[in-house]
Amino acid sequence: MIRSMTGFGHGECSRDNKKIIIEIKAVNHRYLDLNIKTPRGFAQFEGIIRRQLTDRLDRGKLDVYVGFEEDADNQYEVVYNEHIAKMYYDSIKEIASDFDIDGAISAASLSRYNEVLELKEVEESKEELESILTEALNEAIAEFVTNRTSEGASCLRS
């Protein structure tokens, strides 16, 4: 079966408010030449992508684009550091006692001190992201191969 050297494949997978989109575009090339573009934090998966592509494709200059979307509500969490809050609280009480002043402390005022409350980015599970990525990549490669095959068949008819 003759396959075209040019082609396009698109795959996407959504799970748990996370979505990975992969696009593969290729032009004719004597060897397999991969150019992989990943979002920040996805460099760890480049080897997996490269291995999947080299195992299933043999020629072409391929541009592979990986996109990642996530529900903004799940990207951050507020972390309460009880130990630091207690140190501030104790210090404020001590200051109030030393100077014989009112030492009333509200939770709101205590939370404003450095590192009592911290906004942290939620770490993604590598295994979960790899699973979503693999599913999207398999879909993109399958569509890519189908596209190359149908393009090759249409060239034979011409």
Side-chain angles (χ1 to χ4, degrees), residues 1-88 107-158:
M1 177 174 297
I2 295 180
R3 289 188 177 139
S4 172
M5 284 293 103
T6 61
F8 176 82
H10 173 91
E12 60 184 66
C13 178
S14 297
R15 205 177 304 145
D16 298 328
N17 298 321
K18 295 170 187 61
K19 181 177 184 179
I20 295 180
I21 303 156
I22 298 181
E23 291 183 347
I24 304 171
K25 297 176 185 177
V27 294
N28 194 9
H29 193 68
R30 188 174 185 175
Y31 304 104
L32 184 60
D33 181 14
L34 301 175
N35 178 28
I36 302 170
K37 300 278 189 206
T38 60
R40 184 178 66 89
F42 273 69
Q44 62 185 332
F45 300 117
E46 194 170 319
I48 294 167
I49 296 167
R50 192 171 295 280
R51 197 169 27 261
Q52 285 277 339
L53 292 167
T54 56
D55 286 350
R56 295 170 64 187
L57 305 171
D58 54 357
R59 288 183 60 184
K61 180 173 179 11
L62 274 68
D63 290 319
V64 180
Y65 302 96
V66 178
F68 178 64
E69 298 172 6
E70 182 177 31
D71 184 359
D73 293 342
N74 295 333
Q75 290 181 329
Y76 300 97
E77 66 182 347
V78 176
V79 178
Y80 163 55
N81 190 326
E82 184 179 358
H83 177 70
I84 290 176
K86 181 159 178 30
M87 289 184 348
Y88 276 118
S109 65
L110 190 60
S111 70
R112 289 189 197 101
Y113 290 102
N114 290 337
E115 300 173 0
V116 171
L117 295 180
E118 289 184 83
L119 185 64
K120 290 193 176 185
E121 198 166 344
V122 175
E123 299 242 351
E124 302 294 340
S125 160
K126 181 182 178 191
E127 292 77 22
E128 180 184 10
L129 286 178
E130 185 176 331
S131 171
I132 298 169
L133 176 90
T134 301
E135 191 173 324
L137 183 59
N138 286 335
E139 186 179 314
I141 292 172
E143 183 178 307
F144 177 76
V145 169
T146 301
N147 182 274
R148 271 186 162 180
T149 303
S150 64
E151 235 180 84
S154 69
C155 287
L156 283 178
R157 289 189 289 261
S158 300

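We find the CG-CZ distance between Asp58 and Arg56 to be 13.0 Å, quoted to the nearest 0.5 Å. Separating the NE2 atom in His83 from the NZ atom in Lys86 is a distance of 9.5 Å, to the nearest 0.5 Å. Interatomic distance, CD of Glu118 versus CD of Glu77, reported as 10.5 Å (0.5 Å rounding). We find the CG-CD distance between Leu137 and Glu139 to be 10.5 Å, quoted to the nearest 0.5 Å. In this structure, CD1 in Ile20 is found 7.0 Å from CZ in Phe45, a value given to the nearest 0.5 Å.
Residue Val116 comes nearest to Ser111 through the heavy atom pair CG1-CA, 4.0 Å, listed as atom of the first residue, atom of the second, then distance. Contact detail for Arg148 and Thr6: the closest heavy-atom pair is CG-O, 3.4 Å. Across all their heavy atoms, Phe8 and Lys25 have their closest contact at CD1-CG, 3.6 Å. When every heavy atom of Ala140 is checked against every heavy atom of Gly11, the shortest pair comes out as CB-N, 3.6 Å.
Using a cutoff of 4.0 Å between basic side-chain nitrogens and carboxylate oxygens, Lys19 and Glu12 are scored as salt-bridged.
In this structure a side-chain-to-backbone donor-acceptor pair under 3.5 Å is missing from Glu23 to Tyr65. Side-chain atoms of Arg59 never come within 3.5 Å of backbone atoms of Asn28 as a donor-acceptor pair (strictly under, hydrogens ignored).
Inter-residue side-chain proximity for Asn114 and Tyr88 is flagged as met; some heavy-atom pair is nearer than 4.5 Å. Within the 4.5 Å cutoff, the side chain of Ile132 has heavy atoms near those of the Cys13 side chain.
Partner of Arg15 under the salt bridge (charged side-chain N to carboxylate O under 4.0 Å, His left out) criterion, out of Glu135, Glu130, Glu128: Glu135 alone. Residue Ile22 forms a side-chain contact (heavy atoms from CB on, under 4.5 Å) with just one option from Val66, Asn138, Ile141, and that option is Val66.
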Any chance you could lay out the side chain to side chain contact (heavy atoms under 4.5 Å, CB included) test for Glu143 and Thr146, step after step, and finish with the verdict?
CA-CA 5 Å; Glu143 183 178 307; Thr146 301; 5.6 Å; no
Begin from the C-alpha positions of Leu119 and Val78 and carry the test side chain to side chain contact (heavy atoms under 4.5 Å, CB included) through to its verdict.
CA-CA 5 Å; Leu119 185 64; Val78 176; 4.2 Å; yes
Verdict with reasoning, His10 to Ile21, per side chain to side chain contact (heavy atoms under 4.5 Å, CB included):
CA-CA 7 Å; His10 173 91; Ile21 303 156; 3.4 Å; yes
Side-chain donor-acceptor distances from residues 31-42 under 3.5 Å, at least two apart:
| unit_1 | atom_1 | unit_2 | atom_2 | d |
| --- | --- | --- | --- | --- |
| Asn35 | ND2 | Asp63 | OD1 | 3.1 |

